[in-house]
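Throughout, residue positions are numbered sequentially from 1 according to the sequence presented.
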Amino acid sequence: MEEYLDIADQCLELGYPALKLHAWGDARRDARLCVALRQHVGADVDLMYDGSAGFDLADAIYLGHALDEAGYRWYEEPMREFSITAYRWLSERVKVPLLVAETSDGAHFNTADFTGSGCATYVRVSTMLKGGVTGALRIAHLAESFGLRAEVHGMGAAHRNLCMAIPNTTYYESLVWTNPVVRESCVDAHGLVHAPTTPGTGTLQELPHVPWKV
């Protein structure tokens, strides 16, 4: 836990305005960490938690209550996304907003079913899992029509451009890989990512997850 809190301090000193946790996958231990992080950074820092599909419904409910009490912005993918019904049950039992449809099959069609179930406040978009840029924009437009936000999943030039193209999104996701923390080069000292001033989405090397054909 001490290392998590130390990394949080480093990120804030580097200008990041918000923090998202991936933790151990133990609902009670993760709940203690999430509460401790809120107490450590104070009320003004935006916090999110990503469960990486590590829990069943009972543990997801337990952790969701802790996240709500700690004022987290969203609760991301706590369970596997095979069952939309399970997510609907979770949304009826916890108050923290759910971010859903990250790894589910079916691109915007499946996201539409998540949205129709009433469990979603945020939905995930990306080029990797949602049919490329076209699929991501379809999901973003779908979410906007229901007053939801479409949060861009992952780093890289394509996802920076998606953030610029989607008005109903909140953050560009910049992963922290090391301790000491090294800020991603596209993020400035104020925690901002700027729109490109040249044509295109970046070099082939910056887009390792996007299929290309010649």
Side-chain angles (χ1 to χ4, degrees), residues 7-8 10-22 45-53 73-77 81 97 99-112 114-115 120-145 148-214:
I7 287 175
Q10 292 181 55
C11 289
L12 295 175
E13 289 172 4
L14 288 169
Y16 288 102
L19 304 169
K20 192 185 85 169
L21 281 175
H22 293 81
V45 176
D46 229 354
L47 298 177
M48 293 80 71
Y49 173 87
D50 188 340
S52 298
R73 174 178 282 273
W74 74 55
Y75 187 14
E76 180 176 343
E77 198 195 9
E81 293 179 330
L99 188 158
V100 300
E102 177 179 331
T103 60
S104 57
D105 292 332
H108 55 291
F109 297 105
N110 178 270
T111 304
F114 269 101
T115 301
T121 300
Y122 303 85
V123 297
R124 270 295 192 204
V125 296
S126 70
T127 60
M128 299 97 69
L129 301 170
K130 299 300 181 184
V133 171
T134 300
L137 290 176
R138 284 175 173 169
I139 290 170
H141 298 156
L142 168 72
E144 186 178 26
S145 71
L148 308 181
R149 295 194 185 182
E151 301 296 339
V152 177
H153 178 213
M155 302 165 62
H159 293 134
R160 293 198 296 273
N161 280 270
L162 273 178
C163 286
M164 306 301 170
I166 298 173
N168 53 317
T169 197
T170 313
Y171 293 114
Y172 168 74
E173 186 172 57
S174 180
L175 276 66
V176 170
W177 303 100
T178 61
N179 186 13
V181 174
V182 176
R183 187 175 62 218
E184 189 181 357
S185 60
C186 68
V187 180
D188 72 14
H190 303 288
L192 299 175
V193 177
H194 299 273
T197 57
T198 57
T201 59
T203 67
L204 181 61
Q205 288 72 29
E206 286 187 280
L207 300 169
H209 301 295
V210 179
W212 286 79
K213 292 183 179 179
V214 177

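With a 4.5 Å cut-off on side-chain heavy atoms, Val123 and Thr115 count as touching. For the pair Leu192/Val187, no side-chain contact is recorded, criterion being any heavy-atom separation below 4.5 Å from C-beta on. Counting only heavy atoms from C-beta outward, the side chains of Leu21 and Met48 never approach each other to under 4.5 Å.
With respect to Arg124, the side chain to side chain contact (heavy atoms under 4.5 Å, CB included) criterion is satisfied by exactly one of Glu77, Glu102, Glu81: Glu102. With Leu175 as the partner, the side chain to side chain contact (heavy atoms under 4.5 Å, CB included) test is satisfied by one option alone out of Glu184, Lys20, Met155: Met155. For the pairing with His159, the side chain to side chain contact (heavy atoms under 4.5 Å, CB included) check across His153, Met164, Met128 returns one residue only, Met128. Screening Tyr16, Trp74, Tyr171 for a side chain to side chain donor-acceptor pair (under 3.5 Å) with Asp46, the sole residue that qualifies is Tyr171.
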* Could you give me the CA-CA distance, side-chain angles and deciding distance for His141 and Asn168, then say whether side-chain contact (heavy atoms from CB on, under 4.5 Å) is met? => CA-CA 9 Å; His141 298 156; Asn168 53 317; over 6 Å; no
* Between Val176 and Cys11, is a side-chain contact (heavy atoms from CB on, under 4.5 Å) present by the stated rule, with each step listed? -> CA-CA 9 Å; Val176 170; Cys11 289; 3.8 Å; yes
* Output, in order, the C-alpha distance, side-chain angles, deciding distance and verdict of side-chain contact (heavy atoms from CB on, under 4.5 Å) for Asp105 and Asn110. => CA-CA 7 Å; Asp105 292 332; Asn110 178 270; 5.9 Å; no
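Closest of all the heavy-atom pairs between Glu151 and Thr169 is OE1-OG1, 3.4 Å. Residues Asn161 and Pro196 come closest through the heavy atom pair OD1-CG, 3.6 Å. Nearest approach of Tyr172 to Gly156, heavy atoms of both residues: OH-N, 3.1 Å. The minimum heavy-atom distance linking Leu162 with Ala136 is given by the pair CD1-CB, 3.8 Å. Residues Ala158 and Thr127 approach most closely at CB-CG2, 3.9 Å, considering heavy atoms. For Lys130 against Val125, the heavy-atom pair with the smallest separation is CG-CA, 4.4 Å.
More than 12 heavy atoms of other residues, nucleotides or ligands shown are found within 6.0 angstrom of NE2 on His194.
Side chain of Gln10 to backbone of Val181: a donor-acceptor contact under 3.5 angstrom is found.
In this structure, Phe114 CZ and Ile139 CD1 are separated by 11.0 Å, a value rounded to the nearest 0.5 Å. Considering CD1 of Ile7 and OG1 of Thr178, their distance stands at 8.0 Å, rounded to 0.5 Å.
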